[in-house]
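Keep in mind that the numbers below use all heavy atoms, side chains included, and drop hydrogens, waters and symmetry copies. Quick note on labels: first sequence line is chain A, next is B, and so on, each numbered from 1.
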Protein chains: 2
Amino acid sequence: MRTTEQYGRKAELALTMWVKLARASTTFGRLTGKDIEQHGLTQPQFGVLEMLGHLGPLTIGDIGKRMLVTGGCVTVILDNLEKEGQVERIRSSEDRRVIKVQLTPKGESTFKTTFRKHAERVAELSSVLSEEEQIQLSTLLKKLGLSLRDKQ
Amino acid sequence: MRTTEQYGRKAELALTMWVKLARASTTFGRLTGKDIEQHGLTQPQFGVLEMLGHLGPLTIGDIGKRMLVTGGCVTVILDNLEKEGQVERIRSSEDRRVIKVQLTPKGESTFKTTFRKHAERVAELSSVLSEEEQIQLSTLLKKLGLSLRDKQ
DNA sequence: TTCAAATAGTTTAAGTTTGAAATACTCCAT
DNA sequence: ATGGAGTATTTCAAACTTAAACTATTTGAA
């Protein structure tokens with residue numbers, strides 16, 4: 001008995017779509033994760049460096065929201081990055097609850113060298129798709145992602 | 001300075017595409033995860049039930065390959081499902097290293113009720129995209145995923 | 001036949017993430 | 001000005017995953 005017959009055409013379409021999406025996401029994460037580890041960083045650590053490198057100092061809360069990760073998790077990631085001297089916490093003077101996180105000079109330099117390589121790698125991993133296809137995919141994913149954000 | 005200028009057009013396209021993909025995947029996982037938890041199952045447990053429900057008995061190795069997860073992890077997931085009486089391990093008589101895992105009657109019934117709801121939910125979560133768009137997205141993801149599989 | 005290599009699965013330690021409780025601080029209505 | 005509600009971050013225990021070491025079994029070449 002085919003899935004189509006059991007759950008209907010709409011569900012079948014959606015289910016297979018999400019399976020492919022999850023697989024692509026996981027596999028991509030594994031591949032780039034291996035690269036990142038070779039620079040002595042974990043994936044989430046790299047995520048934070050990238051964010052700070054591109055956006056400048058951010059609060060712990062902002063980092064968590066952007067990475068879709070809880071605050072407790074950000075704390076741990078930052079503890080480890082701080083031990084390595086890649087970032088520093090700076091307590092805000094306006095609102096003393098808030099902590100701004102920023103790259104140290106060492107973090108700056110780590111960011112620059114690792115991110116360039118990462119960008120090249122990502123471009124290479126995506127090269128099966130033409131530029132047009134990548135734009136198409138981005139557009140569809142954006143539509144899907146935005147709608148998901150508003151759900152439950 | 002825009003990312004485009006720093007890393008080139010190709011990298012920019014690919015990077016934003018992957019960010020959107022990861023976000024969609026994570027958010028989708030969170031939403032469906034909440035549903036699944038309400039049936040007393042974790043996401044990976046549900047994944048195994050679904051697989052066995054649709055494909056019949058599988059070996060531990062097969063399950064790991066399909067879920068993109070290590071064997072050690074499958075062992076733990078199965079231990080917990082077995083405690084709940086949802087699945088059973090059956091040592092193969094042809095090759096005594098091999099274990100086949102199959103649903104118990106209880107597992108069958110859990111699978112049937114939970115999966116139907118899951119399918120409806122997934123269809124609903126995907127309904128921002130038309131059927132045609134979902135097919136387009138699937139096609140692009142498949143192309144991307146297949147190419148990724150062969151890398152490094 | 002026999003033993004080394006390969007394969008299937010489990011165990012273990014270490015790392016990551018989550019959610020809830022705790023702490024510290026700010027804001028606002030009284 | 002003051003107390004309660006709300007916000008930012010950390011701490012902690014529990015759950016999941018991985019990688020590597022280990023056990024049990026099979027395969028195949030000498």
Parallel, tilted or perpendicular: ring planes of B/Phe28 versus A/Trp18, cut at 30 and 60 degrees: parallel

Residue from B/Leu58, B/Leu78, B/Leu81 passing side-chain contact (heavy atoms from CB on, under 4.5 Å) with B/Val101: B/Leu78

Ion pair A/Lys117/A/Glu120, N-O distance below 4.0 Å: no

Donor-acceptor under 3.5 Å (A/Arg89 side chain, A/Gln102 main chain): no

First and last nucleotide of DNA chain C, 5' to 3', lying under 4.0 Å from heavy atoms of chain A: C/dT16 to C/dT26

Centroid-centroid under 6.0 Å between B/Phe46 and B/Phe111 rings: no

N/O donor-acceptor pair under 3.5 Å between A/Thr75 side chain and A/Gly71 backbone: yes

Side chain to side chain, B/Gln43 and B/Glu37, heavy atoms closer than 4.5 Å: no

Minimum heavy-atom distance B/Gln45-B/Leu41, with the two atoms named: OE1-CA, 3.5 Å

Nucleotide-resolved protein contact map, nucleotides 8-13 of chain D, B/S/- at heavy-atom distance under 4.0 Å: SSBB--

Which residue lies more 5' along DNA chain C, comparing A/Asn80 with A/Glu94 via nearest heavy atoms: A/Asn80

